[in-house]
K.L.:
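Could you have a look at this structure, given as C-alpha cells, before my questions?
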Amino acid sequence: MKKHDVLTSIGLVAGTLMLIWGMAMGASLKIFWDPASVIITIGGSFCALLINYSITEVKNIFKVMGKTFKDTESTSFDTISQFINLSRKARREGLLSLEDDISELDNDYLKKGLQMVVDGIEPETIRDIMELEITEMEKRHANGSNMLKAWGGFAPAFGMIGTLIGLIQMLANLSDPSSIASGMAKALITTYYGAIMANLIFNPMSAKLNIKSENEASIREMMLEGILAIQSGVNPRIVEDKLVSYLSPSDRKKYSEQHIGEGVVEGV
C-alpha cells in the first residue's frame with residue numbers, strides 16, 4: 001500500500017516559496033515572467049526528450065514523477081515481523097497452510113514467491129525467478145530516473161540557447177531600446193528557468209527515484225531470503241536472524257530495543 005512521501009512535497013513547496021520570496025524582495029515578480037522563455041526552456045527541452053525516448057516512455061513521464069510523491073507503507077521491520085509469523089505457521093501446520101495468508105497479502109512480489117513455495121517449486125528455480133524480478137524492476141526504475149535526469153540536463157542547455165537567442169536579438173537592434181530590453185530579459189530569464197527546472201525539479205526527483213529503487217530492491221532481497229528460509233523449514237528464530245542482518249546497525253539496535261526480552265540479535 002502506498003502512502004504520501006511528505007518530504008518531496010515539502011522540498012518542492014518550500015523551495016518554490018523561497019525563490020518567490022527572494023524574487024519579490026528586489027522587484028516586481030512580473031519581470032520574471034516571459035512567455036517566450038517558457039516556450040524555449042520547457043517546450044524545447046521536452047521536444048529534446050521526445051527525440052531521446054520512445055512515445056511509450058515519454059507518456060509515462062508524469063507517472064514517473066508522481067512516484068517521487070509516494071512511498072511504500074511496508075518497512076523492513078514490518079517485513080521481518082510478517083516472515084516470523086509466516087514461518088511459525090509453516091513449521092506448525094505445513095507449507096500448504098499458507099494458502100489463506102497468501103491471498104491476503106498486498107505485496108505481489110511476496111505473494112508470487114510464497115505461492116511458488118506452496119506449489120513445491122525447487123529453491124533454485126524460485127531464486128532465479130525472483131532475482132530476475134528484482135533485476136527487471138531496477139531496470140524499469142533506472143529508465144524512469146534516467147529520463148528525468150535527461151530532462152534535467154536538457155533544460156539548462158535550452159536555457160543557454162534562449163540566452164543566445166536573446167543576445168542575438170539585442171545585438172541585431174541596438175538602435176531600438178525596446179528590443180534591447182526585451183532581448184536582455186529573454187537572455188537572462190531562459191537561463192534562470194532552465195536552472196530551476198534542473199536543480200529544483202528534475203535532478204532531485206531523479207535522485208529520489210534512485211534511492212527509492214535501492215530501498216525497494218533491498219526489501220525484495222530480504223523477502224527472497226525469508227521465502228527460501230520458510231521453504232527450507234528452518235526455525236523462526238533463524239529466519240528472524242537472517243532478515244535482521246539486512247538492517248543497518250542503527251536499525252538493528254532499534255529493532256532489538258523494540259523486541260527486548262525476545263532474544264533478538266543485537267545490532268553490531
Side-chain angles (χ1 to χ4, degrees), residues 5 7-70 139-213:
D5 187 340
L7 289 180
T8 301
S9 298
I10 290 175
L12 277 173
V13 173
T16 302
L17 291 177
M18 288 180 183
L19 287 172
I20 292 174
W21 178 61
M23 291 185 294
M25 287 184 67
S28 170
L29 290 175
K30 290 182 179 180
I31 66 172
F32 292 94
W33 170 249
D34 184 64
S37 297
V38 172
I39 293 172
I40 292 170
T41 50
I42 298 179
S45 60
F46 184 74
C47 289
L49 205 67
L50 293 177
I51 297 171
N52 201 48
Y53 290 92
S54 68
I55 185 63
T56 302
E57 292 169 320
V58 174
K59 282 168 62 176
N60 291 327
I61 184 69
F62 296 107
K63 182 179 178 181
V64 170
M65 293 173 66
K67 289 181 179 179
T68 63
F69 294 92
K70 297 179 181 179
K139 286 181 180 179
R140 290 193 303 271
H141 290 181
N143 188 58
S145 173
N146 290 337
M147 189 158 47
L148 290 180
K149 188 175 181 180
W151 201 348
F154 293 142
F158 274 89
M160 289 302 300
I161 291 173
T163 297
L164 294 175
I165 292 173
L167 290 175
I168 291 170
Q169 290 176 340
M170 181 182 67
L171 294 173
N173 296 285
L174 289 178
S175 59
D176 184 1
S178 63
S179 67
I180 294 176
S182 173
M184 181 59 73
K186 189 180 290 123
L188 297 176
I189 293 176
T190 49
T191 299
Y192 178 64
Y193 286 170
I196 290 176
M197 289 170 64
N199 298 295
L200 182 62
I201 303 174
F202 298 124
N203 288 339
M205 282 186 171
S206 173
K208 189 68 172 278
L209 286 176
N210 286 334
I211 293 172
K212 287 179 180 292
S213 180

K.L.:
Run the numbers on Leu200 and Leu19 for side-chain contact (heavy atoms from CB on, under 4.5 Å), then give the verdict.
P.N.:
CA-CA 10 Å; Leu200 182 62; Leu19 287 172; 3.9 Å; yes
K.L.:
Under 3.5 Å, is there a donor on one side chain and an acceptor on the other for Thr8 and Thr68?
P.N.:
no
K.L.:
Which residue is it: Asn146, Asn143, Asn52? I am looking for the one with a side chain to side chain donor-acceptor pair (under 3.5 Å) to Glu57.
P.N.:
Asn143
K.L.:
Within this structure, what is the CD1-CD1 distance for the pair Ile189 and Ile196, rounded to the nearest 0.5 Å?
P.N.:
10.5 Å
K.L.:
For residues 36-43, which side-chain N or O atoms pair as donor and acceptor with protein atoms under 3.5 Å away, sequence neighbours left out?
P.N.:
residue	atom	partner	partner atom	Å
Ser37	OG	Asp34	OD2	2.6
Thr41	OG1	Ser37	O	2.7

K.L.:
Nearest 0.5 Å, please: how far is CZ in Phe158 from OG1 in Thr191?
P.N.:
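Taking OG1 in Thr191 and CZ in Phe158, the distance rounds to 13.0 Å.
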K.L.:
Please give me the minimum heavy-atom distance between Lys70 and Lys212, naming the atom from each residue.
P.N.:
O-NZ, 2.8 Å
K.L.:
Considering residues at least two apart in sequence or located in another chain, which fulfil the ring-ring contact (aromatic ring centres under 6.0 Å, His included) criterion with Tyr192?
P.N.:
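ring-ring contact (aromatic ring centres under 6.0 Å, His included) list for Tyr192, sorted by chain: Phe32.
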K.L.:
Say you draw a straight line from OG of Ser45 to OH of Tyr193; how long is it, rounded to the nearest 0.5 Å?
P.N.:
13.5 Å
K.L.:
Is it true that atom CE of Met23 has more than 12 heavy atoms of other residues, nucleotides or ligands lying nearer than 6.0 Å?
P.N.:
yes
K.L.:
State, with a plain yes or no, whether a side-chain heavy atom of Ile161 is found less than 4.5 Å away from one of Thr190.
P.N.:
no
K.L.:
Can you tell me how far the NE2 atom of His141 sits from the CD1 atom of Ile211, to the nearest 0.5 Å?
P.N.:
14.0 Å
K.L.:
Not counting sequence neighbours, list each pair that qualifies as a salt bridge (charged side-chain N to carboxylate O under 4.0 Å, His left out) and has a residue in residues 200-211.
P.N.:
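Only Asp5-Lys208 qualify under salt bridge (charged side-chain N to carboxylate O under 4.0 Å, His left out).
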K.L.:
Considering all heavy atoms of both residues, which atom of Gly152 and which atom of Ala198 are nearest to each other, and what is their separation?
P.N.:
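Nearest heavy atoms, Gly152 then Ala198: O-CB, 3.1 Å.
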K.L.:
Counting C-beta onward and ignoring hydrogens, is there a side-chain heavy-atom pair between Leu148 and Val64 closer than 4.5 Å?
P.N.:
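Side chain of Leu148 against side chain of Val64, heavy atoms only: contact under 4.5 Å found.
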K.L.:
What is the distance from atom CZ of Arg140 to atom OG of Ser145, rounded to the nearest 0.5 Å?
P.N.:
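Result: 14.5 Å between the selected atoms.
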K.L.:
In sequence, state the C-alpha distance, the side-chain angles, and the governing distance for Leu12 and Met205, and then conclude on side-chain contact (heavy atoms from CB on, under 4.5 Å).
P.N.:
CA-CA 10 Å; Leu12 277 173; Met205 282 186 171; 3.8 Å; yes
K.L.:
Ring-plane angle category for Phe46 and Trp151, please: parallel below 30°, perpendicular beyond 60°, tilted otherwise.
P.N.:
tilted
K.L.:
So Met197 and Phe154, do their side chains get closer than 4.5 Å, heavy atoms only?
P.N.:
no
